[in-house]
Amino acid sequence: MTIRVLHVAEAAGGVERYLQGLFKYTSQDVENILLCSQNYDKDKFRAYAKKIIQIEMAHDINRKKDIRAVNSIKAAVKQYHPDIVYAHSSKAGALTRLACLFNRVPVIYNPHGWAFNMQQSQKKVTAYKLIERIQAPFTKKIVCISEAEKQSAIKNKICSKEKLSVITNGVDIDYIQSAPKLSRKELGIPENAVVIGQIGRLSPQKAPDIFVKMATLVKKEIPHAFFVMVGDGELRDEIWKLIKSKHLEDSFLITGWVENPTIYLKNMDVATLLSRWEGFGLAIAEYMCAGVPLVATNVDAIPYVVSNGVDGILVEKDDFEQAAKNVIEIEKDKKLANKLIKNGLVTVTMKYSVRRVCSETYKLYNKITKER
């Protein structure tokens, strides 16, 4: 029997990469329909989705746009009669559960990192918790992308333990390892540089300001260091001003949005993820998969993914001085770098394959459809 799943997604970035892998390796018994925001590149999904519906969604609260989005989700449910509706990220989760409030289709919700764990005002934190608690009864299953996310839900009394299901994130190992490697010259990177990079949105969450402060210290010890930030975001202009104030503009590349971050990743000597909060940290698994030693912050789900000193190095949030020391140490100590690379490859192969994500998700689909 074919299981028809309507996926609703607003946030792009890591969620988009997650869905790409989920669709690519899904069981032939699953028919995926994607209803996504204007931020998505539909071409990435044409080969894997039965149908793609693109609508305008606002990331923040926008009454008119939100009402239109809810009506669009209702219309899609009515037209395609899915067996399951799967909502991805907080905004899509809220809109989807409103749209499905008065029909009997089961809803799976994956927050891809709880909004109430973000660094923000206490008023917003309280509001996000309240929204999640109110909507949880209208959700068949809540998928957590890490054990840390599950424990956070329990701690904040979002729902019962029985409603939570942990399906740890994964990456497309086959694709990352087989992807072509472009030359540094083609990417605008000096051939003889030590390349330190970070993949992630230029937003407060990913702490690009801390990356620049770290780079300032690294440059003093490694004069031929070159820094690559793969991504774009609302802080881009501010971060470039910071880079110029540090006189590092000749040693920095901000790529903007790119179709394939792997082409830059494969040219990195050391990678970082200096997030201030993180539901999982998909980039970490990508670093490991590409054989790049990493430094990451010891926040939220990251210590569940990285074993400090074994397959990566952990530092405290906003500690750019320690991050710099660790990056320098990895570059100068090849034995340490090789150990992190070797163990990282083992970790990602054993734990963080997207094929495993697809298998566990398919089992969840089957369980839910049998219970209907």
Side-chain angles (χ1 to χ4, degrees), residues 5-16 18-19 22 33-40 53-78 80 82 84-146 149-150 152-160 163-165 167 201 203-205 277-280 300 364 368:
V5 184
L6 172 65
H7 297 264
V8 183
E10 177 271 323
V15 177
E16 188 174 19
Y18 180 96
L19 286 169
L22 188 63
I33 299 171
L34 176 63
L35 191 156
C36 61
S37 73
Q38 69 280 2
N39 300 317
Y40 274 61
I53 308 152
Q54 196 160 33
I55 66 171
E56 187 176 7
M57 292 188 197
H59 184 70
D60 296 317
I61 295 174
N62 183 306
R63 188 171 178 273
K64 289 184 178 180
K65 290 181 180 179
D66 290 347
I67 290 172
R68 286 199 294 267
V70 167
N71 287 335
S72 295
I73 298 167
K74 284 182 180 179
V77 172
K78 185 176 181 180
Y80 295 105
I84 293 168
V85 178
Y86 194 162
H88 300 267
S89 78
S90 300
K91 186 60 182 283
L95 297 174
T96 299
R97 287 178 286 184
L98 280 173
C100 297
L101 199 56
F102 299 110
N103 64 46
R104 300 182 66 183
V105 62
V107 175
I108 300 175
Y109 167 51
N110 186 334
H112 293 275
W114 294 110
F116 54 76
N117 283 335
M118 299 178 185
Q119 287 186 17
Q120 57 202 322
S121 69
Q122 189 56 47
K123 185 177 179 181
K124 282 190 175 182
V125 170
T126 301
Y128 282 130
K129 288 180 184 179
L130 182 61
I131 291 169
E132 294 292 359
R133 288 169 187 160
I134 290 171
Q135 291 199 318
F138 308 104
T139 316
K140 184 68 175 179
K141 274 288 183 181
I142 295 176
V143 173
C144 300
I145 56 175
S146 68
E149 288 293 284
K150 178 182 177 180
S152 182
I154 293 170
K155 178 183 176 182
N156 289 285
K157 300 178 181 178
I158 300 303
C159 62
S160 65
K163 195 172 289 268
L164 298 167
S165 180
I167 300 179
R201 183 176 173 82
S203 65
Q205 179 194 2
W277 66 89
E278 197 64 68
F280 177 84
D300 299 332
L364 182 60
I368 288 173

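Predicted model only: the values in this text are computed from it and were never measured.
- When side chains are defined from C-beta on, T139 counts as touching R97, because their heavy atoms get closer than 4.5 Å.
- Each of H7, M57, E10 was evaluated against L35; a single residue qualifies, M57, per the side-chain contact (heavy atoms from CB on, under 4.5 Å) test.
- At a threshold of 4.5 Å between non-hydrogen side-chain atoms, the residues P82 and I33 do not count as touching.
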Extract all donor-acceptor atom pairs below 3.5 Å that involve side chains of residues 104-112 and protein atoms in other chains or at least two apart in sequence.
from : atom 1 : to   : atom 2 : distance (Å)
Y109 : OH     : E132 : OE2    : 2.7
N110 : OD1    : H112 : N      : 2.9
N110 : ND2    : Y86  : OH     : 3.4
H112 : NE2    : H88  : ND1    : 3.1

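- Taken from CG in L98 to CG in N71, the straight-line distance is 11.0 Å, to the nearest 0.5 Å.
- A heavy-atom distance below 4.5 Å is found between the side chains of L164 and C159.
- Considering CD of Q54 and OG of S72, their distance stands at 12.0 Å, rounded to 0.5 Å.
- One distance of note links SG of C144 with NZ of K163; it measures 12.5 Å at 0.5 Å rounding.
- You'll find the side chain of I53 stays beyond 4.5 Å of the side chain of C36, heavy atoms only.
- A 4.5 Å side-chain heavy-atom check between Q205 and E278 finds at least one atom pair inside the cut-off.
- Closest of all the heavy-atom pairs between G93 and A87 is CA-CB, 3.7 Å.
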From CA spacing to verdict: side-chain contact (heavy atoms from CB on, under 4.5 Å), T126, K123 = CA-CA 5 Å; T126 301; K123 185 177 179 181; 6.0 Å; no
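- Rounding to the nearest 0.5 Å gives a distance of 12.0 Å between CG of L101 and OG1 of T96.
- With sequence neighbours left out, K140 forms a side-chain hydrogen bond (donor to acceptor under 3.5 Å, both in side chains) with E371.
- When side chains are defined from C-beta on, N117 counts as touching E149, because their heavy atoms get closer than 4.5 Å.
- When the side-chain hydrogen bond (donor to acceptor under 3.5 Å, both in side chains) test is applied to S165, no partner is found at least two apart in sequence or on another chain.
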inquiry  = If you apply the rule side-chain contact (heavy atoms from CB on, under 4.5 Å), what do you find for V125 with Q120, and how did you get there?
reply    = CA-CA 7 Å; V125 170; Q120 57 202 322; 3.7 Å; yes
request  = Given side-chain contact (heavy atoms from CB on, under 4.5 Å), test L19 with Y40 step by step and report yes or no.
outcome  = CA-CA 11 Å; L19 286 169; Y40 274 61; 3.8 Å; yes
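- Panel note: side chain S146, backbone F280; no donor-acceptor pair is recorded below 3.5 Å.
- The closest side-chain heavy-atom distance from I167 to I145 is not below 4.5 Å.
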query = Given the rule in the side-chain contact (heavy atoms from CB on, under 4.5 Å) test, do I158 and F116 qualify, once you have shown the distances and angles that lead to the verdict?
reply = CA-CA 11 Å; I158 300 303; F116 54 76; 3.6 Å; yes
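- The closest side-chain heavy-atom distance from K64 to N62 is below 4.5 Å.
- A donor-acceptor pair is defined here as one N or O able to donate and one able to accept, closer than 3.5 Å; such a pair exists between the side chain of S121 and the backbone of K124.
- The heavy-atom pair separating S90 from G113 by the smallest distance is OG-O, 4.3 Å.
- The distance from atom CG of N156 to atom CH2 of W114, rounded to the nearest 0.5 Å, is 9.0 Å.
- Between D60 and K91 there is no salt bridge, since no side-chain N of the basic residue sits under 4.0 Å from a carboxylate O of the acidic one.
- Here C100 contributes atom SG and F138 contributes atom CZ; the two are 12.0 Å apart, rounded to the nearest 0.5 Å.
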